[in-house]
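Notes follow the structure.
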Protein chains: 2
Amino acid sequence: MKIDKKDIQRAEIFKVLSDPNRLQMIRILYQAHRELTCGEVGEKLDLSKSTVSYHFKKLRKVGLTNTRKEAQIKYLSINMDAFTEFLPFFLDTL
Amino acid sequence: MKIDKKDIQRAEIFKVLSDPNRLQMIRILYQAHRELTCGEVGEKLDLSKSTVSYHFKKLRKVGLTNTRKEAQIKYLSINMDAFTEFLPFFLDTL
DNA sequence: ACTTTAGTTCGATGATCATCGAACTAAGAA
DNA sequence: TTCTTAGTTCGATGATCATCGAACTAAAGT
């Protein structure tokens with residue numbers, strides 16, 4: 001049996017969700033109820049700028065977050081549409 | 001901010017779901033509506049016995065599947081309880 | 001013109017991953 | 001008791017991962 005193309009896509013999203021730091025970033029964005037800058041999010045996690053940038057690129061790539069750039073500042077927000085299906089599963093502690 | 005223990009658990013489950021072959025195994029079990037042996041599942045995927053065994057151990061470890069052993073044969077089935085929350089997300093093509 | 005601020009990109013590193021074949025175990029069949 | 005069947009465990013391998021600091025870019029502040 002050949003690998004289903006759709007499974008590859010889904011697996012990709014799950015891979016992005018398979019890192020505790022990224023899950024925490026998602027929750028921070030979710031709780032904020034507003035756009036946050038990379039710096040704001042990065043501050044709360046004990047991670048270097050480059051690492052935070054790396055993670056956000058991954059989240060963006062699969063459409064879990066939105067990005068808005070204003071001058072040199074980058075505003076992050078959660079893309080609710082991508083989450084509504086299974087958000088309760090991993091945000092159930094909120 | 002310290003890493004949330006619950007996020008580590010969740011990330012672990014997502015990691016198990018982040019492989020296309022494992023997703024396909026899950027779907028095969030789901031569609032079968034009965035227990036299947038490792039061999040039956042492995043046959044449908046072009047993977048060696050050892051690789052299939054490796055994947056099933058991972059699925060079992062996080063509780064996504066159930067196991068029943070009878071003599072040397074191992075019967076696999078999906079653990080629905082673990083899935084009901086977000087099953088529709090990745091089985092939506094069924 | 002310099003400096004600070006915000007973020008990206010670039011190696012490098014150590015860790016984990018998926019995969020295989022080969023060797024092993026345990027049980028049923030001949 | 002020997003042979004087959006069903007699955008596990010064990011290196012080995014090449015790939016991807018998360019992380020960092022350093023160097024870079026681009027814009028704003030002084």
(request) Give the first and the last nucleotide of DNA chain D, reading 5' to 3', that has any atom under 4.0 Å from a heavy atom of chain B. (result) D/dT5 to D/dT9
Side chains of residues 53-62 of chain A: which donor-acceptor pairs under 3.5 Å do they make with residues two or more places apart or in other chains?
from    : atom 1 : to      : atom 2 : distance (Å)
A/Tyr54 : OH     : A/Lys58 : NZ     : 3.4
A/His55 : ND1    : A/Arg22 : NH1    : 3.0

(message) Under 4.0 Å, counting only non-hydrogen atoms across every strand here, what does B/Lys69 touch: a base, just sugar-phosphate, or nothing?
(response) nothing
Going by heavy atoms in the side chains, are [X] and [Y] under 4.5 Å from each other?
X: A/Leu17; Y: A/Lys15; result: no
X: A/Val41; Y: A/Leu29; result: yes
X: B/Leu76; Y: B/Met25; result: no

May I have the distance from [X] (atom [atom1]) to [N] (atom [atom2]), rounded to whole angstrom?
X: B/Gln72; N: C/dA27; atom1: CD; atom2: C1'; result: 5 Å
X: A/Phe56; N: C/dA6; atom1: CZ; atom2: C1'; result: 13 Å
X: A/Lys49; N: C/dT5; atom1: NZ; atom2: P; result: 11 Å
X: A/Arg68; N: C/dA6; atom1: CZ; atom2: P; result: 15 Å

(request) To the nearest 0.5 angstrom, please state how far the CG atom of B/Asn21 sits from the CD1 atom of B/Ile28. (result) 9.0 Å
(message) If hydrophobic clusters are built by linking Ile, Leu, Val, Met, Phe, Trp and Tyr wherever their side-chain heavy atoms come under 4.5 Å apart, do A/Ile3 and A/Ile13 end up in the same one?
(response) no
(request) For A/Lys74 and for B/Lys15, find the nucleotide of DNA chain C with the closest heavy atom, then tell me which residue's nucleotide is more 5'. (result) A/Lys74
